[in-house]
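All values reported here derive from a predicted model rather than from experimental measurement. In the text below, chain A, chain B and the rest are named by the order of the sequence lines, each starting its count at 1.
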Number of protein chains: 2
Amino acid sequence: MADQRPTFKAFKKEALRNPDVKAAYDELAPAYAMKRDMIAMRKAKGFTQEDMANLLGTRKSSISRLESVNSENSPRLSTVEEYARVLGYRLKIEFEKNKPSPKIN
Amino acid sequence: MADQRPTFKAFKKEALRNPDVKAAYDELAPAYAMKRDMIAMRKAKGFTQEDMANLLGTRKSSISRLESVNSENSPRLSTVEEYARVLGYRLKIEFEKNKPSPKIN
DNA sequence: CAATATGTTACCAAATTTGTGAACTTATTT
DNA sequence: AAATAAGTTCACAAATTTGGTAACATATTG
């Protein structure tokens, strides 16, 4: 993938000019980022999904679903909190003001 | 409440020396802070719970429950996201490494 | 390549959250 | 003080998430 990095960035930038694409992206981006972080934290400890399942008293299939970006589930806050807790992290929830969308007219 | 502010701070500090109290506090503090922020954002716009209910297609009783610190519910991530969205905010979820508890021995 | 470990997906049951109306309490306005 | 607005709580139904098993897919190891 190394060779096409600039191409992909350009593609992404161009795609995001489409308001529908932008809306969908903004909606999903936070969840994507969160799951990316969760997986990174787990791997940093050398844990498998099954390790997490044991720590949390559940099954690896649940962990897979929780980490899956494709899953159409929106997990409970407490589910994410506990996942983080067994890895030695605590959840910090913040609210960021939206950037005002520049007027087109 | 003005007069007893220092007293309350001292009380809180003392209470948190109890490990059980501390554990309960750490577990609830993030949710408390989040709800406090949500209410503050809503009021900053001059919205009532019923206004929020209308914006979100639900009823004021649901909003009350969502904002309630007493509620034993852990809401879905998407519920908090949408609440924030109609107020012009987006959710930012971070994971903070726990401070290592100082060894007692 | 074979064997094993890890991760994914589908399905159903169980648990929990959310929608809703109603009765109630508390705060604000007239 | 009375009237209205705002917020709370309860109970139940509806919707969604989570637990669990199994079969499959993909990666890693021997």
Student: Under 4.0 Å between a side-chain N or O of A/Ser64 and OP1 or OP2 of C/dT8?
Tutor: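 Yes, A/Ser64 has a side-chain N/O under 4.0 Å of OP1/OP2 on C/dT8.
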Student: Restricting to side chain to side chain contact (heavy atoms under 4.5 Å, CB included), what partner residues turn up for B/Asn54, sequence neighbours left out?
Tutor: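 Listed in chain order: B/Glu50.
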Student: By nearest nucleotide on DNA chain D, pick out whichever of B/Glu67 and B/Arg76 is the more 5' one.
Tutor: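 That would be B/Glu67.
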Student: When you measure from the side chain of B/Arg42 to the backbone N and O of B/Met52, does any donor-acceptor pair fall under 3.5 Å?
Tutor: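 Checked: no pair found.
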Student: Could you tell me whether the side chain of B/Ser61 has a donor or acceptor atom within less than 3.5 Å of a complementary atom in the base of C/dG21?
Tutor: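 Such a pair is found, so the answer is yes.
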Student: Side-chain N or O of A/Thr58 less than 4.0 angstrom from OP1 or OP2 on D/dG19?
Tutor: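 So the side-chain polar atoms of A/Thr58 do come within 4.0 Å of the phosphate oxygens OP1 or OP2 of D/dG19, strictly under.
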Student: With DNA chain C as reference, determine whether A/Glu50 or B/Arg65 sits nearer its 5' end, using the nearest nucleotide of each.
Tutor: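 Closest to the 5' end, via its nearest nucleotide, is A/Glu50.
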Student: If only side-chain N and O atoms of B/Ser62 are considered, is one of them under 4.0 Å from the OP1 or OP2 phosphate oxygen of C/dT20?
Tutor: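 So the side chain of B/Ser62 is outside the cut-off, no N or O lying under 4.0 Å from OP1 or OP2 of C/dT20.
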Student: Kindly say whether A/Asn98 contributes a backbone atom to a donor-acceptor pair with the side chain of B/Tyr89 at under 3.5 angstrom?
Tutor: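 No, the answer is negative, given that no donor and acceptor are paired below the 3.5 Å cut-off.
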Student: Check for a donor-acceptor pair, side chain of B/Arg90 on one end and backbone N or O of A/Lys97 on the other, with a separation under 3.5 Å.
Tutor: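 Side chain of B/Arg90 to backbone of A/Lys97: a pair is present.
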Student: Can you tell me if A/Arg42 touches the phosphate of C/dG7, counting only side-chain N or O atoms and a distance under 4.0 Å to OP1 or OP2?
Tutor: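 A/Arg42 to C/dG7 OP1/OP2: side-chain N or O found under 4.0 Å.
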Student: In whole angstrom, give the distance that lies between atom NZ of A/Lys43 and atom C1' of C/dT6.
Tutor: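 For the pair A/Lys43 NZ and C/dT6 C1', the rounded distance is 10 Å.
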Student: How close or far is atom P of D/dT16 from atom CG of A/Leu77, stated in whole angstroms?
Tutor: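 Distance, rounded to whole Å: 19 Å.
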Student: Which whole-number value in Å describes the distance from A/Glu72 CD to C/dA10 C1'?
Tutor: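 Interatomic distance, CD of A/Glu72 to C1' of C/dA10: 12 Å.
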